[in-house]
> 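Right, I'll just put the structure down here and ask away after.
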Protein chains: 2
Amino acid sequence: MEKNYDMLKLENQLCFPLYACSREIVKKYHPHLDEIGLTYTQYIVMMVMWEKKHVSVKELGEKLYLDSGTLTPVLKSLESKGLVTRTRSSEDERVLIVGITDEGEALKEQAAEIPPKIACCVALSPEEAGTLYKLLYKILGNESA
Amino acid sequence: MEKNYDMLKLENQLCFPLYACSREIVKKYHPHLDEIGLTYTQYIVMMVMWEKKHVSVKELGEKLYLDSGTLTPVLKSLESKGLVTRTRSSEDERVLIVGITDEGEALKEQAAEIPPKIACCVALSPEEAGTLYKLLYKILGNESA
DNA sequence: CTCAATTAAATTGCTTTCAATTAAATTTAT
DNA sequence: ATAAATTTAATTGAAAGCAATTTAATTGAG
């Protein structure tokens, strides 16, 4: 009885194109992010900050699927650039609250120009992009399974 | 005139769920890959080796969307585990040919058990998985744009 | 109340990833 | 035939990313 190795082929795996695609698209952000002095990880942290203004490291981690091991150095770097503040919560000293500075707010202006530039070099129609979006969030939503 | 910041929201970006999804699924591989002593990157290199037997670093990089900066240490590590060989091409000394060893071939057996285990914890129907697959390769295929 | 368990973030150690540079071999143009 | 340009890997340096551990604060059980 012959064993079936088909699933072991790169082209039969869903994980691989996901992984490759993710890196290729993130790469497209680099030249634009360079202009505003952010890395991709710093950029997605700032995206949360532009929406929420104040957020604990834990909440940030849940939103971005990142842990404190990744976030701590990123947040320290954003703090040193003057874009966010890091303050311990007075109610619970374990909690670190990340806040946005005026300078951080101001950066939103320039950052807003990036997404349209990326969108136009991803070769999907709006419908396809919508479908992809839903499928990705379906996977993300089902972490427990 | 109010500027439109909607595209700056995390939930309106395609890149973010792609990035998060990729990392979450790769994470699911870890416990299984640990059992056969491979990292995810080593695993996808081995997937190419199981199919091709002999491949240059350049070809490997094109297939996996990785450069020599990433591949060189991974290949050295696989070589030290005895799973692949690294030999300079005699026709062109610049080219490094990666070959698979018997031990590398033998690992395929255990590796074949991994994909089914992953598949069943990704909450997509076969049709959805197919759609996702096509969309991802549509993006990957359009690198030039 | 006190000690154990839990929680949040930071730290450590390791692999990955990538941009940029370097080194060596090959190809091309003159 | 030789010099310039190109190609292939390797190297270097920096940021991510993650598992595992540690530290400090808080909560809970007896």
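In what follows, chains are A, B, ... by sequence order, proteins preceding strands, each numbered from 1. Since the model is a prediction, treat every value here as computed from it, not as a measurement.
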> Check the side chains of A:Glu109 and B:Tyr5 for a donor-acceptor pair under 3.5 angstrom, ignoring hydrogens and angles.
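Side chains of B:Tyr5 and A:Glu109: pair found under 3.5 Å.
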> Would you say that B:Gln110 contacts B:Glu35 through its side chain, given a criterion of any heavy-atom pair below 4.5 Å between the two side chains?
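The answer is no; the side chains never approach within 4.5 Å.
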> Hey, are the side chains of B:Ser77 and B:Lys81 touching, using non-hydrogen atoms and a 4.5 Å cut-off?
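When only atoms from C-beta onward are counted, B:Lys81 and B:Ser77 do touch, with a gap below 4.5 Å.
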> Where along residues 82-93 of chain B does a heavy atom fall under 4.0 Å from DNA chain D?
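Correct list: B:Arg86, B:Arg88.
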> What is the distance, to the nearest angstrom, from the CG atom on A:Leu60 to the P atom on C:dA9?
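Computing the A:Leu60:CG to C:dA9:P distance gives 9 Å.
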> Please state whether the phosphate of D:dG17, meaning OP1 or OP2, lies under 4.0 angstrom from any side-chain nitrogen or oxygen of A:Thr41.
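True: A:Thr41 side-chain N/O within range (under 4.0 Å) of D:dG17 OP1/OP2.
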> Within the distance-only criterion (no hydrogens, no angle test), does the side chain of B:Arg86 pair as donor or acceptor with the backbone N or O of B:Glu79 below 3.5 angstrom?
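Checked: no pair found.
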> Does atom NE2 of A:His54 have more than 12 heavy-atom neighbours, drawn from other residues, nucleotides or ligands, at distances under 6.0 Å?
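For A:His54, atom NE2 is not crowded (no more than 12 foreign heavy atoms under 6.0 Å).
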> Please work out if B:Thr70 contacts a base, only the sugar-phosphate, or nothing of the nucleic acid, heavy-atom cut-off 4.0 Å.
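Counting heavy atoms under 4.0 Å across all strands, the contact made by B:Thr70 includes a base.
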> Starting at CG of A:Asp34 and ending at P of D:dA15, how long is that distance when rounded to a whole Å?
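It works out to 12 Å between those atoms.
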> Should B:Ile139 and A:Glu24 count as side-chain neighbours, where that means a heavy-atom distance under 4.5 Å?
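Not touching, per the 4.5 Å side-chain cut-off.
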> Closest-nucleotide mapping onto DNA chain D: is B:Gly69 or A:Gly69 further toward the 5' terminus? I mean the 5' end.
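Its nucleotide being nearer the 5' end, the pick is B:Gly69.
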> Take the protein atom CZ of A:Arg23 and the nucleotide atom P of C:dT15, then report the distance between them rounded to whole Å.
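Between P of C:dT15 and CZ of A:Arg23: 19 Å.
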> Looking at D:dG17, C:dT15, C:dA9, which one has an atom nearest to any side-chain atom of A:Val57?
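Closest nucleotide among those given: C:dA9.
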> Of the options C:dA9, D:dG17, C:dC18, whose atoms approach the side-chain atoms of A:Lys58 most closely?
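Nearest to the side-chain atoms of A:Lys58, counting from C-beta on, is C:dA9.
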> For a side chain to side chain contact (heavy atoms under 4.5 Å, CB included) with B:Leu64, tell me which candidate from B:Thr70, B:Val74, B:Val48 qualifies.
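Of the listed residues B:Thr70, B:Val74, B:Val48, the side chain to side chain contact (heavy atoms under 4.5 Å, CB included) partner of B:Leu64 is B:Val48.
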> Taking any heavy-atom pair under 4.0 Å as a contact, classify A:Ser56: base, sugar-phosphate, or nothing.
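Sugar-phosphate, backbone atoms only, no base.
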> May I ask you to verify if any side-chain N or O of A:Lys76 is less than 4.0 angstrom from the OP1 or OP2 atom of D:dA15?
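Checking D:dA15 against A:Lys76, no side-chain N or O comes under 4.0 Å of OP1 or OP2.
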> Would you indicate which nucleotide in C:dA8, C:dT16, D:dA16 comes nearest to any side-chain atom of B:Tyr19?
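My answer, after comparing the listed nucleotides, is D:dA16.
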> Given atom CG of B:Leu33 and atom P of D:dA19, what is their separation to the nearest angstrom?
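Computing the B:Leu33:CG to D:dA19:P distance gives 12 Å.
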> Grab the CG-C1' distance between A:Leu96 and C:dT7 for me, whole Å please.
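That distance rounds to 15 Å.
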> In whole Å, what is the span from the CZ atom of A:Arg94 to the P atom of C:dA5?
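Rounded to the whole Å, the gap is 16 Å.
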> Quickly work out the A:Leu75 CG to D:dG17 P distance and round it to whole Å.
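Whole-Å distance recorded here is 13 Å.
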> Heavy-atom nearest nucleotide on DNA chain C for A:His30 versus A:Thr72: which residue maps closer to 5'?
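Result: A:Thr72.
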> In whole angstrom, give the distance that lies between atom CG of B:Leu71 and atom C1' of C:dT17.
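Checked: the CG to C1' distance equals 10 Å.
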> Quick one: CD on A:Gln13 to CD on A:Glu11, what's the gap to the nearest 0.5 Å?
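The CD atom of A:Gln13 sits 10.0 Å away from the CD atom of A:Glu11.
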> Is a donor-acceptor pair below 3.5 Å formed from side chain B:Ser68 to base D:dA10, judging by atom type as modelled?
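Side chain to base: pair present.
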